[in-house]
Amino acid sequence: MQGLDFTAIDFETANSKRGSVCAVGLAKVSNGVVVDRAAWLIKPPRSVGEFAPRNIQVHGIRPADVRTAPGWPESLQRILDFAGDDRFVAHNASFDRSVLRGACVESGLTVPDTTFHCSVDLARRLLDLEQHKLPHVAKALGLRAFQHHDAGSDAEICAAAVVQIARRHALHSLDLLWPPAQQASVRSYRSAASTAPAGLPRANGQADPSNPLFGQEVAFTGDLATLTRQDAMNLIADCGATPAANVTKRTTMLVVGQQDAGRRRAFLTPGTAKERKALQYIGAGQAIRAVSECELREWVGLDRPDASRDETPADVRGVLESAVTGLLAWVGRRRVN
């Protein structure tokens, strides 16, 4: 397995906010062999440090456990030192990548320029399985039993799964395992074009139901300024939303790109075919929420919420404003024409 080098990584969080990192696990692979392991608890950034009962139930980590643990700045440096020049591999990489980014945002740190590869994507392409969660993949590959949601254990099994898949298919490098045309991750959100994915990610049914994205069917129109279309779809799927390629009668949210990424509210106009379709459905009584890039980044945990925002319910405000503004603009154009 000469040339198969990477660091498997797994994070656990204190709550639904991606920046609320409370544990990390790492497994370093050199030439197809795990040569080093590390795992430790992390004290989450203060702004997102509250532990949710649901998260405690999943991983068993409590506030008292992290009281004297290192914070994110120290932990980030340890992670980067451990990985060295390696690329990261994670099972559901969109989650772990967003945790790293979210923790940096909450801590006021520069987000490191790191590459993540997703072992879920690898399993979907190369294993004939109905379920692709880590325990299912490990069982299918004949790997040892492990403690799921223990960061160190998850990272080791993720590493072992990638090595086993590489051996089965004689793919002895990351570039063979994740060909550039099939990679779901990029070195930077700003470095890739917003192209639609070949296959849409599935909604995470175990996500936090209080997240505004949970249970929604979400379509996108226009280019986002800070996220690729693929990454955005992966992130919302991890939050429990169903990404959609087009606006249909099932659509409940439309993310509007090509507007100011810092503007909190999005408005529908007949500027794109998807917006026109959404306006038609709204006119027929369907509730479709227009979502700005700013809101989207908050909901997926990349940015902190703005406490100064007004208290009008987001879903009602967004639907009404989008419908009224968009329809008035549409009517105005039709009169001119």
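Keep in mind the model is a prediction, meaning the values are calculated, not measured.
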Inset, instruction - State the CD-OG1 distance between Gln230 and Thr228, to the nearest 0.5 angstrom. - result: 6.5 Å

Inset, instruction - Would you mind listing every side-chain hydrogen bond (donor to acceptor under 3.5 Å, both in side chains) that reaches into residues 133-144, with sequence neighbours excluded? - result: Arg144-Glu156

Inset, instruction - Write down the atom of Val21, the atom of Pro45, and the distance for their closest heavy-atom approach. - result: CG1-CD, 4.3 Å

Inset, instruction - In sequence, state the C-alpha distance, the side-chain angles, and the governing distance for Val89 and Thr7, and then conclude on side chain to side chain contact (heavy atoms under 4.5 Å, CB included). - result: CA-CA 6 Å; Val89 173; Thr7 292; over 6 Å; no

Inset, instruction - State which residue, out of Asn92, Thr115, Asp231, fulfils the side chain to side chain donor-acceptor pair (under 3.5 Å) condition with Arg97. - result: Asp231

Inset, instruction - Side-chain contact test, heavy atoms from C-beta onward, threshold under 4.5 Å: evaluate it for Leu134 versus Phe146 and give yes or no. - result: yes

Legend entry - Pair Glu295 + Arg289: basic N to acidic O under 4.0 Å: yes

Inset, instruction - Determine, for Asp96 against Arg18, whether the closest basic-nitrogen to carboxylate-oxygen distance falls under 4.0 angstrom. - result: no

Legend entry - Donor-acceptor contact present, side-chain Ser20 to main-chain Ala14, <3.5 Å: yes

Inset, instruction - Would you kindly say whether Glu106 and Ser47 are connected by a side-chain donor-acceptor distance under 3.5 Å? - result: yes

Legend entry - Same apolar cluster (I L V M F W Y, side chains within < 4.5 Å links), Phe214/Ile288: no

Legend entry - Co-membership, hydrophobic cluster, residues Val33 and Phe6, 4.5 Å side-chain: no

Legend entry - Among His117, Arg125, Arg124, the one residue meeting side-chain contact (heavy atoms from CB on, under 4.5 Å) with Asp121: Arg125

Inset, instruction - For Ser153 and Asp150, indicate whether the former's side chain and the latter's backbone hold a donor-acceptor pair under 3.5 Å. - result: no

Legend entry - Same apolar cluster (I L V M F W Y, side chains within < 4.5 Å links), Ile42/Ile61: no

Inset, instruction - Please check if atom CD in Glu50 has more than 12 non-hydrogen atoms from other residues, nucleotides or ligands closer than 6.0 Å. - result: no

Inset, instruction - Go through the side-chain N and O atoms of Gln216 and Thr242 and say whether any donor and acceptor fall under 3.5 Å apart. - result: no

Legend entry - Heavy-atom pair with the smallest gap, counting every atom of Leu143 and Ile157: CD1-O, 4.0 Å

Inset, instruction - Find the distance between CG (Leu100) and OG1 (Thr114) and round it off to the nearest 0.5 Å. - result: 5.5 Å

Legend entry - Donor-acceptor pair, side chain of Glu275 and main chain of Pro270, under 3.5 angstrom: no

Inset, instruction - Apply side chain to side chain contact (heavy atoms under 4.5 Å, CB included) to the pair Cys104 and Thr110, showing each step before the final yes or no. - result: CA-CA 6 Å; Cys104 288; Thr110 300; over 6 Å; no

Inset, instruction - Taking the side chain as every heavy atom from C-beta outward, state whether Lys43 and Thr68 have any atom pair closer than 4.5 Å. - result: no

Legend entry - Side chain to side chain, Pro53 and Ile56, heavy atoms closer than 4.5 Å: no

Legend entry - Closest contact, heavy atoms only, Ala140 versus Leu129: CB-CD2, 3.5 Å

Inset, instruction - Starting at CD of Glu217, measure out to NZ of Lys249 and round the result to the nearest 0.5 Å. - result: 13.5 Å

Legend entry - Backbone of Ser94 reached by a side-chain donor or acceptor of Asn234 within 3.5 Å: no

Inset, instruction - Output every pair passing ring pair (Phe, Tyr, Trp, His ring centres under 6.0 Å) with a member in residues 28-61, not counting sequence neighbours, ordered by first then second residue. - result: none

Legend entry - Min side-chain heavy-atom separation Ile79-Leu26 under 4.5 Å: yes

Legend entry - Of all pairs that satisfy ring pair (Phe, Tyr, Trp, His ring centres under 6.0 Å), the ones with a partner from residues 79-103, not counting sequence neighbours: Phe88-Phe116

Inset, instruction - Using a strict 4.0 Å threshold on nitrogen-to-oxygen distance, state whether Arg87 and Asp5 make a salt bridge. - result: no

Legend entry - Shortest non-hydrogen contact between Thr251 and Met253, atoms and distance: CG2-O, 3.3 Å

Inset, instruction - Is it possible for you to say whether Val58 and Ile9 belong to one hydrophobic cluster, with membership spreading through side-chain heavy-atom contacts below 4.5 Å? - result: no

Inset, instruction - For atom CZ of Arg62, decide whether the heavy atoms of other residues, nucleotides or ligands shown that lie under 6.0 angstrom number more than 12. - result: no

Inset, instruction - For residues Pro112 and Leu76, determine if any side-chain heavy atom of one lies less than 4.5 Å from a side-chain heavy atom of the other. - result: yes

Legend entry - Side-chain donor/acceptor of Glu12 to backbone N/O of Asn55, under 3.5 Å: no

Legend entry - Cluster link Leu41 to Phe11, ILVMFWY, side chain under 4.5 Å: no

Inset, instruction - Please report the shortest heavy-atom distance between Asn204 and Asp238, naming the atom on each side. - result: ND2-O, 3.2 Å

Legend entry - Closest approach of Ala27 to Ala155 (non-hydrogen atoms, all atoms of both residues): CB-O, 3.8 Å

Inset, instruction - Could you tell me whether a side-chain N or O of Lys28 sits under 3.5 Å from a main-chain N or O of Ala83, the two making a donor and an acceptor? - result: yes

Legend entry - Residue pair Leu4 / Asn31, side-chain heavy-atom distance below 4.5 Å: no

Legend entry - Any donor-acceptor pair under 3.5 Å from Trp72 side chain to Ser107 backbone: no

Inset, instruction - Give a yes or no answer on whether the side chain of Thr13 reaches the backbone of Asn15 with a donor-acceptor pair at less than 3.5 Å. - result: yes

Inset, instruction - For Lys274 and Phe220, indicate whether the former's side chain and the latter's backbone hold a donor-acceptor pair under 3.5 Å. - result: yes

Inset, instruction - Would you check if Val137 and Gln131 make a side-chain contact, meaning some heavy-atom pair closer than 4.5 Å? - result: no

